[in-house]
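Note sheet for the following structure.
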There are 2 protein chains.
Amino acid sequence: MELDETDKQILRILQEDARTPFSEVARRIDMSSATVHDRVNRMEEAGVIQGYHASVDARSVGYGVSAFVGLRTDQGREEEALAHLAGLPEVKEVHLTTGQWDVMVRVHAEDTDALRELMFDHIADTEGFARSQTMIVLGTDYEADGLPI
Amino acid sequence: MELDETDKQILRILQEDARTPFSEVARRIDMSSATVHDRVNRMEEAGVIQGYHASVDARSVGYGVSAFVGLRTDQGREEEALAHLAGLPEVKEVHLTTGQWDVMVRVHAEDTDALRELMFDHIADTEGFARSQTMIVLGTDYEADGLPI
DNA sequence: GTTGAAAAAATATTGAG
DNA sequence: CTCAATATTTTTTCAAC
C-alpha cells in the first residue's frame, strides 16, 4: 500500500497515542474526522497498522528482570526448537539473525531465580539448541514509542 | 500499586487491543464501565499503564531491515555515548546489559546500505564505543503483544 | 469500591460533490 | 478522496449505596 504524507501524519499520532480521538487527529492534520476514519480503516486492512496495544510496566505485573538470549541451533532442528520457544510464556520475541547467534530471544522473568529456571529447564538444555548466552538487562536507557515516520 | 485479578484482566484486554471500548471490557469482566474507567485511570496515574501505541508495520513505512547491535563502551565515556545513541532516529531501543556486551541496541533502517551508513557513520566509529557486532534480523518468528499477565 | 443513569463527546455510516 | 450531517455508541461525570 502506498502511503502519502497525510497517512504518515496519522500514523505518527496513533503510534504515540493510540487512543487519540479521530476528531482530534482530524483537527491536528486539518481534515475531517470521516477522512481520518476512512484512512485508518484502509491502513488497518492493508496491514500497515497491525494493532493497538497498551504498554504495561513490567515491574508492576511482577516481572523484575528481562534479558536477551543468544542461541545457536543444531542443524536440522530449527523448526522444532523455534516452536518450543514461542510456546513459553516468558518469551516475548524470537528473531532469526545473522552474526554470532542464529536466534535472538527477548525474555521476561519474575526474578533472577525464575530466569535461571527458564534458561536451564526450558531454553538452554532444550533439544535443538547448542550454546547460549544470556545478557541480563540492567536498565533501558531509551525506548522509542514507535518508528520514525 | 497493588493489582488485583480484575485489574489484571483489564490489562490483558487492553494489551491485546488498546482500543477495546470500556463498555466491552466491562461486559467481558462483568462489571460496569464506570468501574473499568476508574481502574484504568488509576493504573494510568500509577504508571502501570504507560501508554497506548499503534503498532505499525516497519516495511510499510520504508524500513526493510532491522538489527541488534552489541557494543562495548570505553571506560568513563558511557553517558556521552548513550546520549548519542538515543538521539539517532533509527535507534529504537538502548539497553545496558551484562554479559558479552555493555550495550544492546535495536535499530531499524531502510535497507542494508542505510544500515551500513548508520553503523559506520553514527555508531561503530563514534567516540565512546569500542568493538561492535551487528546481528541483522532475517525474520521474526514470534512476537507477543505484551507480557503474560 | 461499585453502580446506574444522564450528559457530553466520539465514532460509524451515509449520501453527495 | 473528501466532506457534512446523521445515527449510533462510547466516554465521562456524579449522586447514591
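The chains referred to below are lettered A, B, ... by the order of the sequence lines, with proteins before strands, and numbering in each begins at 1.
- Sorted by first and then second residue, the ring pair (Phe, Tyr, Trp, His ring centres under 6.0 Å) pairs with a member in residues 121-149 of chain B form an empty list; sequence neighbours excluded.
- Counting only N and O atoms by type, the side chains of A:E16 and B:Y52 include no donor and acceptor under 3.5 Å apart.
- Near-neighbour residues of DNA chain C inside residues 21-49 of chain B, defined by a heavy atom below 4.0 Å, number-ordered: B:M31, B:S32, B:A34, B:T35, B:R39, B:R42.
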message = Quick one, A:R42 with A:E45, criterion salt bridge (charged side-chain N to carboxylate O under 4.0 Å, His left out). Give me CA distance, side-chain angles, the key distance, then yes/no.
response = CA-CA 5 Å; A:R42 273 187 291 117; A:E45 279 159 27; over 6 Å; no

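- Here ring pair (Phe, Tyr, Trp, His ring centres under 6.0 Å) pairs that include residues 91-110 of chain A, with residues two or more places apart or in two chains, are A:H95-B:F68.
- Salt bridge B:E5/B:K8: absent, no basic N to carboxylate O contact under 4.0 Å.
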